[in-house]
Each structure stands twice: as C-alpha cells, then as structure tokens.
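Input: a single structure, listed below in structure tokens.
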Amino acid sequence: MELATVITNEPNGNYVVAADIGSDGQLTLRSAYATGGIGSHVVAAGTGATTGPDGLNSQGAISVSASSNMLVTVNAGSHTVTLFKIDENDPSNLTIVGEPISSGGHFPTSIAFNHAGDTVCVLNGGTINGVSCFHVNQTSGLQIIPETTRYLHLNQTTPATTGAGSTVGQVLFSADDTQLLASVKGLLPGPPAVVGYIAIWDIDESDGSLSEKYMPIATPKNGNNPFGFTRIAGENSAIIAADTNDGFTIFDLSDGSKSSSVDVNTLGAICWSTYSPKTGNYYMIDAGGAVFEVNIDSNLKGSVVQQYNSTNMIGLFDGDVASLQDNDFLYILAENFSTIEVMSLNAPGKAQQIQSLDVASTLIAAGIPIGSSNQGMATFIKKT
C-alpha cells in the first residue's frame with residue numbers, strides 16, 4: 001500500500017486525512033490525524049465573508065518526502081506547521097513529531113520539501129507574508145533555519161483577502177535545490193494594479209540561508225495570475241504555472257524571452273498543476289470541473305492534448321500524480337470534500353476515471369469536522 005493525503009483545514013481543528021493507494025491505483029480511506037493546529041479560509045474584499053470552496057487559494061498545503069519518509073502540513077488558522085513521520089511499511093500510519101511550530105508569518109498556505117527531505121519551506125499569505133524554512137529533525141521536529149524568514153511585503157490581511165491585492169499561490173524548490181520559488185497572483189485592473197510574478201530567492205549551500213531580497217519574474221503578456229506550478233521535466237530553470245487569468249503560463253526562469261502564456265477555454269479557472277512521468281504530460285486542473293492535459297515540446301511551447309470533464313461537473317481542486325510500477329494515477333480533491341477523483345493515465349491523451357471516492361460521509365460518520373475549507377493533495381510512494 002502507498003499513501004494519498006489531504007487536510008480538512010477547518011477552523012475548529014485541522015486533520016490530515018490518509019488513504020491507502022492499492023495496486024490498482026484505487027483508494028481506501030484509513031485514518032485522520034489531528035495536526036494540533038486549526039485551519040482558516042480566505043475572505044472576500046469588502047464583506048470579510050468566506051469566499052467560495054477554495055479555503056487557502058493555494059497549491060501544496062500538504063507535502064510528503066519519500067527521501068526522509070516525512071509529511072508536513074500548514075495550519076493556516078494558527079499560523080503554524082506540523083511534521084509527521086510516515087511508517088514506510090504502512091504509509092497511512094502517521095506519527096506526529098515534535099510540536100507545531102510557528103510558520104514565521106501569518107496564514108501559511110503552501111509548504112514544500114527539498115529533494116533530500118531534510119528541509120522544508122513554508123509560504124505565508126496573511127498580513128505578515130513571505131517564506132520561512134526549517135531543518136527536519138526526525139526526533140524533535142522542525143527547527144527554524146537562521147536567515148530564511150523573508151518577506152514579500154504584500155498589502156494583505158489575516159486571513160488573506162481575495163480581490164483586494166495580490167495573494168500567494170505556491171512555494172517550491174528549484175530542480176537543483178539552489179533556489180526557492182513562490183508564485184504571487186496579480187490584480188488587474190486593480191486598484192491597485194498588480195502584475196503577477198514568480199519570486200525567487202537564492203539558497204546558500206553552506207548554511208541554507210536565503211538571499212535577503214527576491215528576484216521577481218513577471219508573467220508574460222496575457223498571463224497575470226500564476227497559481228500552482230510544476231517543474232518542467234528535464235529543465236533546471238523552467239516551470240509551468242496554472243494561470244487563472246488565461247489558462248497556463250510557461251516560465252523560462254533563465255531566459256524570459258522563451259516564456260509564454262497560453263489561452264485555454266476553461267470551465268472556471270485553471271488553478272493547479274501536476275506532471276505524469278509515464279505520459280510525459282502535465283495536468284492542469286480547472287476549478288470549474290475539468291482537467292486539461294498539456295504537452296510541452298523541446299522549445300518550451302505548450303499545447304492542450306485533451307480535455308477531461310469531471311463527473312456531474314463537480315468542482316475540482318488540488319491534485320497529484322502517483323507512479324505505481326508501470327502505471328500513473330492522478331488524484332484530485334473535489335470541492336467541499338465530497339469526493340477524491342482518481343484517473344488512470346494510461347497513455348498520452350487517454351486518461352480514464354476509475355474511482356470517485358466518497359470522503360465526506362465517512363468523515364462525518366467518524367465525527368471529523370469538515371466543511372468547505374479542505375485543501376491539498378500529496379501522494380507518497382515508498383522508495384525501493
């Protein structure tokens with residue numbers, strides 16, 4: 001068995017929900033683990049009311065490392081992060097390590113491991129916004145790395161407000177772990193008018209500290225709202241970002257002239273992205289209820305291969321691909337924690353839905369508080 005995880009992100013208690021991945025790619029719910037923190041939800045400008053089912057407006061609220069057998073999640077309402085140990089022989093068996101630790105800011109929304117699994121960095125999107133990084137100690141928990149709390153200085157609130165200023169999207173390490181990347185959505189026409197960008201901090205290899213200032217890489221023409229993003233396979237300095245303004249944007253972080261935005265006729269807004277090694281393609285998830293399969297050629301030009309609409313047109317959220325032997329499977333969290341949708345990625349352009357797992361009724365029956373704030377999707381495949 002392998003592992004698929006999401007978080008409930010509820011203000012009266014945040015839980016990690018763990019499901020077994022069977023050899024056929026299908027899921028079986030196993031357990032829910034309290035994080036020791038609470039969740040939160042973005043609010044609307046002007047009213048201050050919670051807005052829509054997307055609680056954090058982010059990708060990567062939970063992250064796993066097969067290198068260190070660890071899991072980490074954000075607690076947006078308590079401004080903390082929590083570390084768990086994954087039992088490699090029974091991956092759905094999680095053990096909390098240490099105590100939840102301050103995220104270094106307000107309203108943490110996204111978190112990521114480096115490739116070795118011994119460092120995590122978190123992205124904060126509230127009044128105090130930016131990034132902070134931590135050493136992973138498998139006995140005592142997370143320990144702040146000096147000189148890694150860096151600020152974006154966005155005009156934001158806690159919880160974050162949509163429609164009133166830039167909001168953060170995701171944090172991720174570069175392919176070679178020498179840089180830390182964060183997406184910041186723009187706001188056009190404003191006010192104030194803000195162009196979205198990717199913020200890049202250099203990582204000092206000697207002590208893990210971050211450069212004092214970040215380098216902003218602006219979105220190319222037509223793009224403005226980089227949300228979730230994925231490293232492009234075989235490229236050290238290129239990413240594909242979901243863009244709620246048009247469709248998706250390809251960033252060449254070393255040569256901006258190769259960056260481009262591609263318009264897509266979406267059902268709602270493309271917000272999340274992931275990659276399948278088997279098909280060699282990228283899967284861009286539309287909150288309106290669709291998945292767009294995208295191919296990127298050697299010149300970093302992207303095109304839509306296929307569109308898959310969700311069953312009953314339910315809204316879709318964060319997703320992740322798991323590779324099991326010779327097969328890849330895509331796991332997507334549906335809005336309001338109604339289901340987890342599972343697709344088999346048989347070949348390029350040939351994805352098929354194989355399961356719609358009822359999550360909500362099981363959690364409600366178990367007394368786990370759920371609502372419309374659920375977030376994240378991370379899969380763990382044990383290293384062999």
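Atoms considered below: every heavy atom in the structure, side chains included; atoms not considered: hydrogens, waters and symmetry mates. Position 1 is the first residue of the sequence, and the numbers go up from there.
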field: Matching residue for Ser310 among Leu267, Leu316, Asp286 - test: side-chain contact (heavy atoms from CB on, under 4.5 Å)
entry: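 Result: among Leu267, Leu316, Asp286, Leu316 is the only option passing the side-chain contact (heavy atoms from CB on, under 4.5 Å) with Ser310.
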What distance do [X] atom [atom1] and [Y] atom [atom2] have between them, rounded to the nearest 0.5 Å?
X	Y	atom1	atom2	result
Asn245	Ile270	CG	CD1	11.5 Å
Leu363	Ile368	CG	CD1	6.5 Å
Arg231	Ser237	CZ	OG	12.0 Å
Asn225	Thr219	CG	OG1	8.0 Å

With distance as the sole criterion, is a donor-acceptor pair present between the side chains of [X] and [Y] under 3.5 Å?
X	Y	result
Ser103	Asn124	yes
Thr73	Asn75	no
Glu293	Tyr282	no
Thr339	Asp358	no
Thr149	Ser132	yes
Lys383	Ser67	yes
Asn346	Gln352	yes
Thr80	Ser102	no
Asn309	Gln307	yes
Asn281	Ser276	no
Glu341	Gln355	no
Asn57	Thr167	no
Tyr197	Tyr214	yes

What are the two closest non-hydrogen atoms of [X] and [Y], and how far apart are they?
X	Y	value
Ser92	Asp20	OG-OD1, 2.6 Å
Asn9	Asn14	N-OD1, 2.8 Å
Val120	Leu142	CG2-CD2, 3.8 Å
Gly117	Ser68	O-OG, 2.9 Å
Asp318	Ile285	C-CD1, 4.2 Å
Trp272	Ser58	NE1-O, 3.0 Å

* Report the C-alpha separation of Ile200 and Leu253 in whole Å, then their side-chain angles, then the decisive distance to 0.1 Å, and conclude whether the side chain to side chain contact (heavy atoms under 4.5 Å, CB included) test is met. => CA-CA 9 Å; Ile200 303 177; Leu253 304 176; 4.1 Å; yes
Go through the steps for Val321 and Thr379 under the test side chain to side chain contact (heavy atoms under 4.5 Å, CB included), then give the verdict.
CA-CA 7 Å; Val321 169; Thr379 59; over 6 Å; no
Apply side chain to side chain contact (heavy atoms under 4.5 Å, CB included) to residues Tyr283 and Asp328 and explain how you reach the verdict. CA-CA 12 Å; Tyr283 295 81; Asp328 278 7; over 6 Å; no
Residue Gln143 excluded, over 12 heavy atoms near CD under 6.0 Å: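 For Gln143, atom CD is crowded (more than 12 foreign heavy atoms under 6.0 Å).
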- Query: More than 12 non-hydrogen atoms from neighbouring residues, nucleotides or ligands closer than 6.0 Å to CG on Asn265, yes or no?
  - Reply: no
Q: Look at Asp90 together with Arg30 and state whether they make a salt bridge at an N to O cut-off of under 4.0 Å.
A: yes
